[in-house]
Amino acid sequence: MFKFNFDVEDDTEQSTNVNHTTQNQGPTSLQAVVPDAFTELFLADALNSLPSKISYSPITISLASGGELSLPRRDLFDARFQLISQNPDDPDALEQQSTNAQSALHFLDAPSDLVPLVYEGGLKTWECSLDLASYLDGISSQFDVSGKRVLEIGCGTSIPSLYILHQIFSSPPSQNQTHIHLQDYNASVLELVTIPNIILTWYLSEAAETYRKSEEWADPPLELNISESLKDTFHQSLTTYGVHLRFFSGSWDTFDLQTLGGNYNLVLTSETIYRMESLPSLATIMRGACNAEGSKDVDDYLCIVAAKVLYFGVGGGVAEFVRCIRDLDKGGTVETVWEKTQGVERRVMSVKWN
């Protein structure tokens, strides 16, 4: 197991180390773990699994174009309460829960602890995801995401996709059909934070203004009732705004691009290059998602990666990622399009495939 000692909630410039320890017993042993297979999680099922009420807190993003944007995130204590409450009358509920549910409970208490092939950090909002959202804001006048196909790899709390959805839901409805696909290793991350965050982003947008006014009396600040009416209105808004959402879990090695309905115009990932062993799989997915083998012009897609320059104690980082892209079959080039050089160095990079 290794722990990143820097994140959005505790972003001190002095805390830049990663504690890297090995556990050889139990579910965290790499020898005992079989990678989760590629699986689609259906939105309707995820909505039906949510409790009747969820709580959330805002996170503020400094935008490249100036100003700030506040986006909602589900509270982790609320997600933990959901898991514990699934069998409230059973004193042995925790022991009887699935391995995935038990892992989710553990990592909700320690969301910064990463265990390869068990939990990959998706419950935490990492700072480079904010960098990526800010960068998307900076290029929004040159790259209109409406009507595009978007893939966010290793989405976690999905801040970049939340930014995109906020922009769509804050604009007049369009005839354009926008496909946004989100992938995280852990299905529990998608269920507990990714999808709730998307609903919250919609709920606080202009697209839900009429619904909000009709339900305002029922919702205390920073809480949202997940009613059948809300779910129906949310689905209607997705149709009205031409938004198509799909969610996938599992390892990158098993990720099946052939089932996803086509290539992507925008491929995003943040804080996913920390482990050297996973870089070839990540690069392969990104290349395939951009249809690098096809006849599309290089300007027909954007492939954007946000990361820290070095992940101490783990071995991954920008240099290793650039080398992996270069050495991949037919390869590609990596250009830094934004960087922070003070304190913990961070970059946003654009990948172009040969």
Side-chain angles (χ1 to χ4, degrees), residues 8 43 56-74 125-184 190 193-212 224 230 233-247 264-270 289-290 299-306 337-338 348 350:
V8 171
L43 178 60
Y56 62 94
S57 301
I59 184 170
T60 300
I61 303 171
S62 298
L63 300 176
S65 59
E68 295 180 336
L69 173 65
S70 179
L71 290 173
R73 293 178 302 168
R74 187 185 189 185
T125 297
W126 303 97
E127 54 199 339
C128 290
S129 66
L130 277 65
D131 297 338
L132 184 48
S134 178
Y135 178 75
L136 291 174
D137 180 71
I139 64 171
S140 59
S141 61
Q142 293 85 36
F143 188 89
D144 183 6
V145 75
S146 178
K148 301 294 195 300
R149 286 176 53 83
V150 180
L151 173 64
E152 184 176 356
I153 304 169
C155 62
T157 58
S158 65
I159 295 296
S161 291
L162 296 185
Y163 167 80
I164 291 171
L165 288 166
H166 171 82
Q167 296 301 100
I168 292 173
F169 290 139
S170 299
S171 303
S174 169
Q175 296 299 313
N176 294 331
Q177 301 299 300
T178 306
H179 296 258
I180 300 177
H181 297 173
L182 300 101
Q183 181 275 339
D184 194 272
L190 298 173
V193 294
T194 307
I195 291 173
N197 287 352
I198 289 173
I199 297 168
L200 289 164
T201 296
W202 163 79
Y203 175 75
L204 295 175
S205 73
E206 294 177 21
E209 183 176 6
T210 300
Y211 178 83
R212 257 193 336 271
L224 177 62
L230 178 136
T233 307
F234 174 63
H235 280 295
Q236 291 168 12
S237 278
L238 292 180
T239 300
T240 299
Y241 285 83
V243 174
H244 304 267
L245 299 172
R246 292 178 71 182
F247 304 89
Y264 295 90
N265 308 103
L266 179 61
V267 176
L268 306 170
T269 191
S270 60
C290 294
D299 293 327
D300 288 343
Y301 68 81
L302 286 178
C303 185
I304 308 296
V305 180
V337 294
W338 177 90
V348 177
S350 175

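Keep in mind that the numbers below use all heavy atoms, side chains included, and drop hydrogens, waters and symmetry copies.
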Provide the closest heavy-atom pair for [X] versus [Y] in the form atom of the first, atom of the second, distance.
{"X": "Leu268", "Y": "Pro160", "value": "CD1-CB, 4.1 Å"}
{"X": "Gln177", "Y": "His244", "value": "OE1-NE2, 2.6 Å"}
{"X": "Cys290", "Y": "Cys303", "value": "SG-CB, 3.7 Å"}
{"X": "Tyr163", "Y": "Ser140", "value": "OH-CB, 4.1 Å"}
{"X": "Val145", "Y": "Ile164", "value": "CG1-CG2, 3.6 Å"}
{"X": "Leu200", "Y": "Arg74", "value": "CD1-N, 3.9 Å"}

Subject >> Any Leu230 side-chain heavy atom under 4.5 Å of Trp202 side chain >> reply: yes
Original post:
Can you tell if the side chain of Ile61 reaches within under 4.5 Å of the side chain of Asp137, non-hydrogen atoms only?
Top reply: no
Please enumerate all residues that pass side chain to side chain contact (heavy atoms under 4.5 Å, CB included) together with [X], with sequence neighbours excluded.
{"X": "Gln142", "result": "Ile139"}
{"X": "Ser350", "result": "Ile304, Val337, Lys352"}
{"X": "Ala306", "result": "Cys128, Leu132, Ser270, Val348"}

Original post:
Of the options Asn197, Thr201, Ile59, which is the one that meets Ile159 in a side chain to side chain contact (heavy atoms under 4.5 Å, CB included)?
Top reply: Ile59
Report the residues that fulfil side chain to side chain donor-acceptor pair (under 3.5 Å) with [X], sequence neighbours left out, ordered by chain and then residue number.
{"X": "His179", "result": "none"}
{"X": "Tyr135", "result": "none"}
{"X": "Gln236", "result": "none"}
{"X": "Arg246", "result": "Glu40"}

Inter-residue atom distance [X].[atom1] - [Y].[atom2], 0.5 Å rounding:
{"X": "Leu238", "Y": "Leu165", "atom1": "CG", "atom2": "CG", "value": "8.5 Å"}
{"X": "Leu190", "Y": "Cys155", "atom1": "CG", "atom2": "SG", "value": "5.0 Å"}
{"X": "Thr157", "Y": "Ile198", "atom1": "OG1", "atom2": "CD1", "value": "10.5 Å"}
{"X": "Thr125", "Y": "Leu130", "atom1": "OG1", "atom2": "CG", "value": "7.5 Å"}
{"X": "His166", "Y": "Leu71", "atom1": "NE2", "atom2": "CG", "value": "6.5 Å"}
{"X": "Tyr264", "Y": "Leu151", "atom1": "OH", "atom2": "CG", "value": "5.0 Å"}

Indicate yes or no for a side-chain donor-acceptor contact from [X] to the backbone of [Y] under 3.5 Å, with no hydrogens or angles considered.
{"X": "Glu68", "Y": "Ser62", "value": "no"}
{"X": "Ser237", "Y": "Phe234", "value": "no"}
{"X": "Thr269", "Y": "Val305", "value": "no"}
{"X": "Thr178", "Y": "Gly147", "value": "yes"}
{"X": "Arg212", "Y": "Ser205", "value": "yes"}

**OP:** Kindly write out the residues that satisfy salt bridge (charged side-chain N to carboxylate O under 4.0 Å, His left out) with Asp131, not counting sequence neighbours, or none if the list is empty.
**Re:** Arg346
Original post:
What pairs with Glu209 under salt bridge (charged side-chain N to carboxylate O under 4.0 Å, His left out), at least two apart in sequence or on another chain?
Top reply: Lys213
**OP:** Hey, could you give me each pair passing side chain to side chain donor-acceptor pair (under 3.5 Å) that has a residue in residues 145-154? Not counting sequence neighbours.
**Re:** Ser146-Asn176, Glu152-Ser161
